Amino acid sequence: MTLVKVYVTYKKSILDPQGEAVKKAVHGMGFSDVHEIRMGKYFEITVDENSPKVKDDIEKICDGLLANPNMETYRYEFVESEAI
């Protein structure tokens, strides 16, 4: 089995009110060198590493369910099975 880590975030052109609120709180803590914080979603998907279409399946899952392609972008990475 292989673990796929999926990260979904707003596109740069979309206002991220949660990220702005966190940034404001971070500035309130005195960390004024922080310029931007973007919020997002994180998913872990375990797949059969022998499947020849696993990348296509992950992209279909992301496009169809996990991310709103109008507002969000995603990236994913495969983690070696020993690390699971």
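Here the structure is a predicted model, which is why all the values come from computation and not from measurement.
For Glu59, the CD atom is densely surrounded, since the number of other residues' heavy atoms within 6.0 Å is greater than 12.
Under the salt bridge (Lys or Arg N to Asp or Glu O under 4.0 Å) criterion, Asp63 pairs with no residue, sequence neighbours left out. Listed by chain and residue number, Val26, His27, Phe31, Ile37 satisfy the side chain to side chain contact (heavy atoms under 4.5 Å, CB included) test with Val34 (two or more places apart in sequence, or in another chain). With sequence neighbours left out, Lys41 forms a side chain to side chain donor-acceptor pair (under 3.5 Å) with Glu72. For Tyr10, the side chain to side chain donor-acceptor pair (under 3.5 Å) test picks out no residue, with sequence neighbours left out. Judged as a ring-ring contact (aromatic ring centres under 6.0 Å, His included), and not counting sequence neighbours, Tyr74 has no contacts. With sequence neighbours excluded, the residues forming a side chain to side chain donor-acceptor pair (under 3.5 Å) with Lys53 are Asp57, listed by chain and number. Remark: Lys60 pairs with no residue by the side chain to side chain contact (heavy atoms under 4.5 Å, CB included) rule, at least two apart or across chains.
No path of Ile, Leu, Val, Met, Phe, Trp and Tyr side chains, each step under 4.5 Å between heavy atoms, connects Met39 with Leu15, placing them in separate hydrophobic clusters. Leu65 and Val8 fall within the same hydrophobic cluster, defined by Ile, Leu, Val, Met, Phe, Trp and Tyr side-chain heavy atoms under 4.5 Å apart, directly or through other members.
Counting all heavy atoms, side chain and backbone alike, Ala67 lies closest to Pro69 at O-CD, 3.2 Å. Summarising the geometry of Thr46 relative to Met1, their closest heavy-atom pair is CG2-CB, 3.8 Å, with the distance given to 0.1 Å.
The ring pair (Phe, Tyr, Trp, His ring centres under 6.0 Å) analysis of residues 37-62, with sequence neighbours excluded, yields the pairs Tyr7-Tyr42. Applying the salt bridge (charged side-chain N to carboxylate O under 4.0 Å, His left out) test to pairs two or more places apart or on separate chains, those with a residue in residues 14-31 are Glu20-Lys23.
Rounding to the nearest 0.5 Å gives a distance of 12.5 Å between CD1 of Ile45 and OG1 of Thr2.
Looking only at distances, a side-chain donor or acceptor of Arg38 sits under 3.5 Å from a matching main-chain atom of Lys11.
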> Between Ile61 and Leu66, is a side chain to side chain contact (heavy atoms under 4.5 Å, CB included) present by the stated rule, with each step listed?
Replying inline: CA-CA 6 Å; Ile61 292 168; Leu66 303 182; 3.9 Å; yes
